[in-house]
Amino acid sequence: MGINLSVQLGKLKLKNPVTVASGCFGYAQEMESVADLSQIGAVISKGLTLEPRIGNPSPRIVETPSGMLNAIGLQNDGVDVFIKKKLPYLKENNIQTIANINGSTIEEYEQLAERLSGADGVGALEVNISCPNVKHGGIEFGVDPKACEEVLTRIRKKTGLTLIAKLSPNVTHIQEFAKIVEGVGCDAVSLVNTYVGMAVDVNKRKPILTNITGGLSGPAIRPLAVRLTWQVAQAVKIPILGMGGINSVQDALEFFIVGATAISIGTANFYNPKLSAEIVAGLEEYLLKHNLNDISQLTGSLELNKK
Amino acid sequence: MSQQQQTVLISSHTQIGEGYYVVGVASPWLAQASQPGQFVMCRLPNANLLWGRAFSVYDVVGDEVFLLYKVMGRGTSLLSEKKVGEQLEIIGPLGNTFSKPKPDQFLLLVGGGVGLPPLYFYAKTYQEQASQMRVMIGARDKENVILEEEFKALGCQVEVSTDDGSAGLKGLVTELLKKAIRNNSKIKDKLLIASCGPNPMLKAVSAIGIEEKIPTEISMEESMACGLGVCIGCVVKTHCSPEQKEELKRDETYTRLCCEGPVLEGSRVIWE
Ligand SMILES: Cc1cc2nc3c(=O)[nH]c(=O)nc-3n(C[C@H](O)[C@H](O)[C@H](O)COP(=O)(O)OP(=O)(O)OC[C@H]3O[C@@H](n4cnc5c(N)ncnc54)[C@H](O)[C@@H]3O)c2cc1C
Ligand SMILES: Cc1cc2nc3c(=O)[nH]c(=O)nc-3n(C[C@H](O)[C@H](O)[C@H](O)COP(=O)(O)O)c2cc1C
Ligand code: FES
C-alpha cells in the first residue's frame with residue numbers, strides 16, 4: 001500500500017504538504033548545500049515588492065525565549081529581479097514555487113499579480129496582507145476587513161493562478177478574515193504571520209530593534225498558531241496552509257490534525273535546514289503506523305471529548 | 001566551496017585566559033574547507049537556545065578545527081561547560097575570506113578581543129610571509145590581550161596597546177596603526193590593512209585606510225539567525241556596487257554579513 005502525501009491547494013498540486021515559509025528560505029539556492037531541496041513540497045519566496053526595497057536598519061533581529069523578533073522591513077530586489085535572476089534556478093531544479101507578494105497600495109498588489117502570472121515557473125501567489133514591519137500597506141490590509149476584502153477582490157481579478165491569502169494573527173476574530181478570503185474566491189488561506197512584539201535593552205533603556213517593534217516567530221508562537229488554525233478550519237472550507245513555530249514532526253502533525261491541508265516551516269530553517277525533509281519522512285512513518293494511506297485523512301481529524 | 005551541516009565531537013577544550021576558551025572539534029570537512037576570515041554557526045544540542053552562535057575559524061591542525069571564544073552570555077557560557085567527547089552542531093564554513101596577499105605586500109593586522117582569532121588564521125595561512133606582517137593588538141587591559149605569543153611564534157612583529165596602559169602603549173590601537181604607516185611610508189603602495197574587532201575600532205581603522213589610500217579589509221559582526229543568507233537579519237549599510245546601483249536604482253544598500261561578508265572593504269561601509 002503506497003502512502004499519498006500529495007495535496008491540492010486550488011489548482012496547485014504539491015508532491016508533499018511540507019513547504020518552507022516566506023522570508024525563511026531565501027530563494028532556495030542559498031540552501032542547496034545544507035537542505036534537500038528535492039524533498040520540499042513548495043518554496044515560498046521572500047516577500048516581493050514591485051520596486052526594490054532597502055529594508056530597515058540593524059539591529060533587525062533578536063533572539064527571545066523559544067523564538068525571535070524580526071523587523072527586516074521586506075528588503076528585496078523587487079519583482080523584476082526575482083523573475084530574471086531567481087525564478088530560473090527554481091524552475092531548472094523543479095522546485096514548486098509560490099511567490100509571496102507585498103504592496104503599499106492596491107495597485108501595487110494588482111501589478112505584482114499580473115507580472116507574476118505572466119512569469120514562467122510561478123505555481124501560486126501568496127498575498128501577504130500581514131507584514132508587521134513596513135509603514136504602509138502590509139498589515140493595514142490584514143487587520144481592516146473592508147481593506148482586506150477590496151485588495152483580495154482586485155487581485156483575484158488579475159490572476160488565474162492559485163491565490164493564497166496570508167492572514168495576520170494580530171486581530172480579534174481571525175475567522176472573519178478567513179471568511180472574507182473564501183468569499184472573494186481565494187483558493188486557500190495561510191496562517192499565521194508573525195505576532196507583533198517588542199524587546200528592550202534594560203541597560204540602555206532602548207528598544208533592541210531599530211524598528212522598535214518586530215514580528216515574533218518560532219516555537220514560542222506555536223500553541224497560538226495551532227489554536228487559530230483550528231478556529232479557521234471551523235469557519236471555512238478552503239484549504240489551510242498552517243504555520244507558526246513548527247520545529248518537529250510532532251509539531252507538524254498538530255497542524256494537520258486541527259485542519260491544515262499543508263504546512264510551512266519558517267524560523268526552524270535557520271538552525272535546522274534539514275527539518276522539512278525530516279518532517280516529510282516523519283509524516284509517512286506516522287501514517288503507516290496509524291494505518292492511514294493519505295495525508296488528507298489526517299487533516300481535520302481532531303476528536304473532541306464528548307460533553 | 002560550499003558549507004555543510006554536521007554534528008561534531010569536541011576534541012579539546014581549554015581555558016586560555018579570564019573568560020577566554022579554545023574549543024577544538026573534529027571535522028575533516030571543515031578542516032579542509034575553511035579559509036581565513038570564515039566562520040561557523042555553532043549550536044549546542046538540547047540547550048534550549050534557538051540560534052547557533054557565530055565563531056570565526058581560529059586555527060586548523062590536521063582534521064581538527066579550533067574556535068576561540070569569550071564568554072559573553074548564555075550561549076557562550078553553556079559552551080564553556082561542554083566537555084571533550086560531547087557534541088556540537090556546526091554549519092560551516094560560512095562567509096567570505098580575507099584576500100590572499102601578493103608576495104610583495106606588507107600586512108598590517110589590527111585586532112581587538114575576539115577579533116583576533118580570524119586574523120591569526122589569516123597570518124598562519126600565509127605564514128611564509130610572516131616577516132612582512134605587523135600585528136597590532138588593542139585591548140581594555142592586560143587580561144584581555146590574547147594571542148600575543150602565538151602571533152610572535154608565527155614570526156610576525158607584534159605590538160600591544162591597552163586603554164589603561166597595563167600592557168604596551170597606553171592608548172588606542174589606531175595610534176599604533178598610524179605609527180606603522182608612518183614608519184613604512186616608503187612602501188606605502190605595498191601595504192594592506194586587515195582588521196577585526198569592535199565597531200568603533202573598525203570605523204577608525206577604515207577612516208585611516210581611506211585617508212592614507214591603503215586597501216583595508218574589515219571583518220564585522222552583527223546578530224545572526226541563520227548564517228546562510230536567508231533571514232536578512234545580519235546587515236550593515238554599504239555603498240552599492242555599480243551593478244547593484246543599476247539593478248536597485250539607489251546608491252546605498254544593506255549587505256548581509258554572513259554571506260556577502262563578514263569581510264568588507266572598509267570604504268564600502270556606511271557607518272550608521
Ligand atoms: C562573523 C562572526 C564571527 C564571530 N567570531 C567570534 C569568535 O571568533 N569568538 C567569539 O568569542 N565571538 C565571536 N563572535 C561573536 C559571538 O557570536 C557572540 O559573542 C555570541 O553569539 C554571543 O552569544 P551568547 O549567547 O553568549 O551571548 P548573548 O548576549 O546572550 O547572546 C544573545 C544573542 O545575541 C547574539 N549576539 C550577541 N552578541 C553578538 C555579537 N557580538 N555578534 C553576533 N551576535 C551576537 C547571539 O548570537 C545571541 O543570539 C562572532 C560573531 C560574528 C557575527
Ligand atoms: C526573518 C523573517 C522574515 C519573514 N519574512 C516574511 C515575508 O517576507 N513575507 C511573509 O509573508 N512572511 C514573512 N515571515 C513570516 C513567516 O513566513 C512565518 O509566517 C512566521 O515566521 C511564522 O512561522 P515560524 O514560527 O515557523 O517562523 C518572516 C519571518 C521571519 C522570521
Ligand atoms: S544571518 Fe541570516 S542572512 Fe545573515
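Naming convention: chains lettered A, B, ... in sequence-line order (proteins, then strands); numbering from 1 in each chain. Since this is a predicted model, take the numbers as computed values, not measurements.
Surrounding CD1 of B:I270 are more than 12 heavy atoms belonging to other residues, nucleotides or ligands, all under 6.0 Å away.
Most heavy-atom pairs under 4.5 Å with chain A: of the set B:L50, B:L49, B:L248, this distinction falls to B:L50. In terms of heavy-atom pairs under 4.5 angstrom with chain B, the leader among A:G67, A:A268, A:G218 is A:G67. Counting heavy-atom pairs closer than 4.5 Å to chain B, the top-ranked of the candidates A:P57, A:G26, A:C24, A:P59 is A:P57. Per-residue counts of heavy-atom pairs under 4.5 Å with chain A were compared for B:G229, B:A225, B:C234; the largest is that of B:A225.
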Just list the donor-acceptor pairs under 3.5 angstrom between chain B and chain A, please.
{"unit_1": "B:Q3", "atom_1": "O", "unit_2": "A:S33", "atom_2": "OG", "d": "3.3"}
{"unit_1": "B:Q5", "atom_1": "OE1", "unit_2": "A:K274", "atom_2": "NZ", "d": "3.0"}
{"unit_1": "B:L50", "atom_1": "N", "unit_2": "A:E63", "atom_2": "OE2", "d": "3.0"}
{"unit_1": "B:W51", "atom_1": "N", "unit_2": "A:E63", "atom_2": "OE2", "d": "2.6"}
{"unit_1": "B:R53", "atom_1": "NH1", "unit_2": "A:E63", "atom_2": "OE1", "d": "3.1"}
{"unit_1": "B:R53", "atom_1": "NH1", "unit_2": "A:E63", "atom_2": "OE2", "d": "3.3"}
{"unit_1": "B:R53", "atom_1": "NH2", "unit_2": "A:E63", "atom_2": "OE1", "d": "2.9"}
{"unit_1": "B:I232", "atom_1": "O", "unit_2": "A:R60", "atom_2": "NH1", "d": "2.8"}
{"unit_1": "B:V235", "atom_1": "O", "unit_2": "A:S58", "atom_2": "OG", "d": "2.5"}
{"unit_1": "B:E247", "atom_1": "OE2", "unit_2": "A:K85", "atom_2": "NZ", "d": "2.6"}
{"unit_1": "B:K249", "atom_1": "NZ", "unit_2": "A:E51", "atom_2": "OE1", "d": "3.4"}
{"unit_1": "B:Y254", "atom_1": "O", "unit_2": "A:Q75", "atom_2": "NE2", "d": "2.9"}

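Heavy atoms closer than 4.5 Å to chain B are found in the side chain of A:P219, but not in its backbone. Within the 4.5 angstrom heavy-atom criterion, atoms from both the backbone and the side chain of B:L228 approach chain A.
Residues A:F270 and B:C231 approach most closely at CZ-CB, 3.4 Å, considering heavy atoms.
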